[in-house]
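As structure tokens, the structure follows; a few thoughts come after it.
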Amino acid sequence: MLPRLCLWLLLLAATAFGVGGTKVAYNDRALVIDGERRIIISGSIHYPRSTPEMWPDLIRKAKEGGLDAIETYVFWNGHEPRRRQYNFEGNYDIVRFFKEVQDAGMYAILRIGPYICGEWNYGGLPAWLRDISGMQFRMHNHPFESEMETFTTLIVDKLKAANMFAGQGGPIILSQIENEYGNIMGKLNNNESASEYIHWCAAMANKQNVGVPWIMCQQDDDVPHGILNTCNGFYCHDWFPKRTDIPKMWTENWTGWFKAWDKPDFHRSAEDVAFSVAMFFQKRGSLQNYYMYHGGTNFGRTSGGPYITTSYDYDAPLDEYGNIRQPKYGHLKDLHNILKSMEKILLHGDYKDTTMGNNNVTMTKYTLDNTTSACFISNKHDDKDVNVTLEDGVTHVVPAWSVSILPDCKTVAYNSAKIKTQTSVMVKRPEDGSTQSLTWSWMPENLQPFMTDEKGNFRKNELLEQITTSGDQSDYLWYRTSFEHKGEGSYKLHVNTTGHELYAFVNGKLVGRHHSPNGGFVFQMETPVQVHDGKNYISLLSATIGLKNYGALFEMMPAGIVGGPVKLVDPATNTTTYDLSNSSWAYKSGLIGEHREAHLDKAGQQWRSLNGTIPVNRPFTWYKATFDAPAGSEPVVADLLGLGKGVAWINGNNLGRYWPSYTAADMGGCRQCDYRGTFKAEGDGLKCLTGCNEPSQRFYHVPRSFLKAGVENTVVLFEEAGGDPTRVDFHTVAVGAACAEAAEVGDQVALACSHGRTISSVDVASLGVARGKCGAYEGGCESKAALAAFEAACVGKESCTVRHADDFRAAAGCDSRVLTVQATC
Ligand SMILES: *[C@@H]1O[C@H](CO)[C@@H](O)[C@H](O)[C@H]1NC(C)=O
Ligand SMILES: *[C@@H]1O[C@H](CO)[C@@H](O)[C@H](O)[C@H]1NC(C)=O
Ligand SMILES: *[C@@H]1O[C@H](CO)[C@@H](O)[C@H](O)[C@H]1NC(C)=O
Ligand SMILES: *[C@@H]1O[C@H](CO)[C@@H](O)[C@H](O)[C@H]1NC(C)=O
Ligand SMILES: *[C@@H]1O[C@H](CO)[C@@H](O)[C@H](O)[C@H]1NC(C)=O
Ligand SMILES: *[C@@H]1O[C@H](CO)[C@@H](O)[C@H](O)[C@H]1NC(C)=O
Ligand SMILES: *[C@@H]1O[C@H](CO)[C@@H](O)[C@H](O)[C@H]1NC(C)=O
Ligand SMILES: *[C@@H]1O[C@H](CO)[C@@H](O)[C@H](O)[C@H]1NC(C)=O
Ligand SMILES: CC(=O)N[C@H]1CO[C@H](CO)[C@@H](O)[C@@H]1O
């Protein structure tokens, strides 16, 4: 018996104290991991926004980019789509995700929320929470707190069972409860309940006994006991936690911005992201997380927030498809390497900030044991380079809006505005777009049953709120009624709705359609209608496009034609002839094709194809075609130009909502792009926008794991608004042109393609400032010697490195020594 008892005791000890476990503590300077103060560079990768097959590659690229940790939210509505019915499969396999992080030898940051914001449907909260009586979201009340605790405990227990916390030998070193509550606390009109709630959150979290610290972000006031508060934002250098015994941590440094259907694409320059990170570490930062490091895709209808595009690319260092985005990725990697080399002095050294001339120029000197020193010089002027002379009498030019890092206080090893890494231009192949032409068949969505008011789930003498009525099980809700009319008549049908989209039918005929403009919610539709003698039917189809995810009481924002009014107005006098708001309305959630799972292409569906001809620009139409998957391993996109609005599936996998007919706004920021100056995503002063006046989202990611090689693949579309699928096409996305610059002789110039593709030609090797952009440099001042050196080293190779040499010369009059190279992959 004795050996077995010993074994049992050993096992008990292992679980209690964590054999091979990592101890996570903290002090005023840093997280202390197994007794060592550590700089942690982390990046957000949201597991449902990619596929399990993509995770190892994304995580490996993050590690190679100099990251120590991967951070993710937990997505409650995805894990518990119906109360107590759970989903931990596929891209919701959270344990598998954390195991991949562990296998890569990285740390993980677990942000449970479970309110997560995240441009995610309803901020991650399941819509069924609304049905529980007495429910008040994110306030001190039993119904909410009980559900939140049940879910939080479930997640923690699942991760504990898989030994995922640091003390158990797992990767998780930090965990977060709630999210950005400090932003809304004061706006809830019940500050006592709000305060009790956030303290309850802390107590509930600490009771979970996860063995790692709990954090709250953007919770600068009323920070509960046992919680470390952290910063979110584009810049966090001037922010410090209130408590002086905790480290300065930045949980969301926005690397770009998300995209809404009405907006062009946001781009935050590599120079500006690097500037913000360098300043953060200059001013005692110790942990920072890129939000996002890989943004990914909002697959499926409950993934995206209101009016958020299916692409959640975010202009992150890894693009939506998992490709390395250069120069952002490489420029930040260079910064990470420098910061890591300074870990000891930054976290143990004494420090002194000296402002020079005015507050915009700061020199920070870290010293350790009087023997070593490290310096940062930051210049926050947005238009003025400055010369800074250090103690040793040497003057350094610090460009406007940049930070220079001198790990020995003598030599500048990094300047945030000087990019040494390559710039890549991604191309879609084949570039001429001539791939296989697809043969389509089609099927109408059967609207007939909804064109009279005979059939419906139930009736009510009022206009109901949509989320509650449909349980958010579909985007669509039918509202139908009828009225008697004597003789014929002409009216304006007036509908007031809280969004997000509306189609109106009178006696079976589509008479009007509208959607919320500019991401708003409430709108009115007015459309002329003819009525006939006798009974007339009005059928209104309301559709949601992702539920609101942010703001005080965001969950109270209704959807659909709640309360209306719905009226028939006399066009001559503008007076209401019929107010139908309190008529008997019949309700039905979802479309027939959804209930029949038309997207799964099951047997028994009535697909039609008359010699390959299909109707186009026909609303409420299902389309189907087969195609061959593009060969190779490069990411695949579907070009959906020509379609209106709807949903696409590949082999039954949801690609998300598509809406290429939505044209992105033209904004001031489309015509200016200077990395210098504060980056913004809202209000005045936007810059570096692209895609203005173009289809808001034309290309849709088709993960490789959705495709089958060597056999037919099926694409199914539900086209709601009317479009032409005959232009639908598939492409791969990879590096097309690779460019790099070297300012000084001796600099190494590295070029690389992707996915095993090799450099086919070197197109430009110029001395002097090249005109044009990477992919289309105009050249001038060509150096034959440089061209020859690059051709010899690079052509036929996946990557190459060439040293900028003194004998790289151009014609007389070309005095610049700045070498610019462009190659084609
Ligand atoms: C709540 O607000 C009231 C009035 O604004 C204020 O007097 C009170 O101190 C606040 N209480 C808390 C806990 O913040
Ligand atoms: C560092 O220098 C200061 C002043 O010159 C001196 O007081 C201190 O003892 C020195 N510390 C070490 C560790 O040498
Ligand atoms: C500091 O720089 C900002 C631009 O970043 C500028 O608006 C401001 O005037 C500068 N302050 C001083 C004192 O020069
Ligand atoms: C910095 O110094 C260089 C050379 O010493 C000089 O040419 C330049 O004008 C100076 N720049 C500023 C902003 O003072
Ligand atoms: C439309 O509905 C909203 C939300 O119910 C309401 O606030 C607004 O007053 C209504 N507007 C009109 C013009 O009826
Ligand atoms: C009725 O309202 C419309 C706008 O809603 C307006 O253009 C029209 O002039 C109005 N007609 C009358 C008779 O008031
Ligand atoms: C509809 O019913 C509501 C609630 O009973 C009432 O406030 C409203 O005045 C009614 N509207 C009409 C047009 O009868
Ligand atoms: C379909 O094609 C067949 C054979 O090519 C032809 O006989 C028939 O007339 C076509 N039907 C239509 C509707 O075009
Ligand atoms: C959207 C959002 O929360 N923006 C905030 C980000 O943080 C900065 C400061 O850290 C605020 O000024 C923004 O309002």
Side-chain angles (χ1 to χ4, degrees), residues 119 233-235 252-279 290-295 308-309 311-320 323-332 335 379-385 399-403 415-427 518-519 663-699 733 736-737 739-741 769-777:
E119 292 73 62
F234 287 114
Y235 308 91
E252 290 191 14
N253 170 6
W254 302 316
T255 51
W257 200 243
F258 55 85
K259 181 174 164 71
W261 289 110
D262 57 323
K263 296 282 187 323
D265 295 281
F266 285 86
H267 300 279
R268 187 180 183 193
S269 68
E271 291 95 329
D272 187 48
V273 180
F275 175 61
S276 68
V277 175
M279 274 200 300
Y290 293 104
Y291 188 99
M292 302 293 297
Y293 199 75
H294 170 255
I308 303 298
T309 52
S311 169
Y312 194 67
D313 178 87
Y314 222 90
D315 200 30
L318 300 178
D319 74 12
E320 175 179 4
N323 290 312
I324 287 172
R325 173 168 275 128
Q326 293 286 40
K328 198 176 261 188
Y329 174 92
H331 190 47
L332 295 173
L335 174 58
N379 175 8
K380 287 197 275 180
H381 288 289
D382 57 14
D383 59 351
K384 207 161 68 184
D385 301 348
W401 205 256
S402 81
V403 179
N415 175 273
S416 61
K418 291 185 182 157
I419 294 181
K420 300 207 164 155
T421 201
Q422 92 176 35
T423 294
S424 300
V425 177
M426 307 308 286
V427 296
N518 305 323
T663 302
D666 189 356
M667 303 167 88
C670 303
R671 278 166 296 278
Q672 56 193 34
C673 189
D674 185 340
Y675 71 82
R676 300 174 304 175
T678 307
F679 181 82
K680 289 178 173 178
E682 280 156 350
D684 295 333
L686 299 182
K687 55 187 177 181
C688 304
L689 300 171
T690 63
C692 304
N693 265 327
E694 288 174 21
S696 182
Q697 189 183 341
R698 170 176 173 180
F699 297 99
V733 192
C739 304
E741 222 180 72
V769 179
R771 282 165 303 155
K773 278 183 168 174
C774 178
Y777 278 131

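Position 1 is the first residue of the sequence, and the numbers go up from there. For the numbers below, each heavy atom of this structure counts, side chains included, while hydrogens, waters and symmetry mates do not.
- Under the 4.5 Å side-chain criterion, counting only non-hydrogen atoms from C-beta, Val427 is not in contact with Val733.
- A donor-acceptor pair is defined here as one N or O able to donate and one able to accept, closer than 3.5 Å; such a pair exists between the side chain of Gln697 and the backbone of Phe699.
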Between Asp313 and Arg325, does a side chain to side chain contact (heavy atoms under 4.5 Å, CB included) hold up when you go through it step by step?
CA-CA 11 Å; Asp313 178 87; Arg325 173 168 275 128; 3.0 Å; yes
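- Listed for the Asp262 side chain is no donor-acceptor partner under 3.5 Å among the backbone atoms of Ala664.
- Taking SG of Cys670 as the reference point, atom CD of Glu694 lies at 9.5 Å (rounded to 0.5 Å).
- Here the closest heavy-atom approach between residue Arg676 and residue Asp383 is recorded as NH1-CA, 4.1 Å.
- To the nearest 0.5 Å, the span separating CZ on Phe234 from CH2 on Trp254 amounts to 6.0 Å.
- In this structure, Trp257 and Tyr314 have tilted ring planes: the angle between them lies in the 30° to 60° band.
- Of all heavy-atom pairs between Asn415 and Ser402, the closest is ND2-OG, 3.0 Å.
- Using a 4.5 Å heavy-atom threshold, the side chains of Thr309 and Ser696 count as touching.
- Here the side chain of Lys328 pairs no donor or acceptor atom with the backbone of Leu332 at under 3.5 angstrom.
- Residue Arg268 comes nearest to Asp272 through the heavy atom pair NE-OD2, 2.8 Å, listed as atom of the first residue, atom of the second, then distance.
- In this structure, OH on Tyr293 lies 5.0 Å from OH on Tyr329, to the nearest 0.5 angstrom.
- Between the Lys418 side chain and the Pro399 main chain, no donor and acceptor come within less than 3.5 Å of each other.
- His294 and Asp319 get closest at one heavy-atom pair: CD2-O, 3.0 Å.
- A donor-acceptor distance shorter than 3.5 angstrom exists from the side chain of Gln672 to the backbone of Leu686, with no hydrogens or angles considered.
- Between Ser311 and Glu320, the side chains place a donor N or O and an acceptor N or O closer than 3.5 Å (distance only, hydrogens not considered).
- Minimum heavy-atom separation, His267 to Thr690: NE2-OG1, 2.7 Å.
- Taking the six-membered ring where the residue is Trp, the centroids of Phe679 and Tyr235 are separated by 6.0 Å or more.
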Can you list the steps and then say if Asn323 with Leu318 is a side chain to side chain contact (heavy atoms under 4.5 Å, CB included)?
CA-CA 5 Å; Asn323 290 312; Leu318 300 178; over 6 Å; no
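- Annotation for Cys688 and Asp674: closest pair SG-N, 4.0 Å, computed over non-hydrogen atoms.
- The NZ atom of Lys259 sits 11.5 Å away from atom CG of Asp315, with the distance rounded to the nearest 0.5 Å.
- With sequence neighbours left out, Asn693 forms a side chain to side chain donor-acceptor pair (under 3.5 Å) with Asp666.
- A distance-only check finds a donor-acceptor pair linking the side chain of Ser416 to the backbone of Val403 [under 3.5 Å].
- Counting only heavy atoms from C-beta outward, the side chains of Lys380 and Phe275 approach each other to under 4.5 Å.
- The distance from atom OH of Tyr312 to atom CE of Met292, rounded to the nearest 0.5 Å, is 5.5 Å.
- Side chain of Lys384 to main chain of Asn379: no donor-acceptor pair is present (N/O by atom type, distance under 3.5 Å, no hydrogens or angles).
- Between Glu741 and Ile419 there is no side-chain heavy-atom pair separated by less than 4.5 Å.
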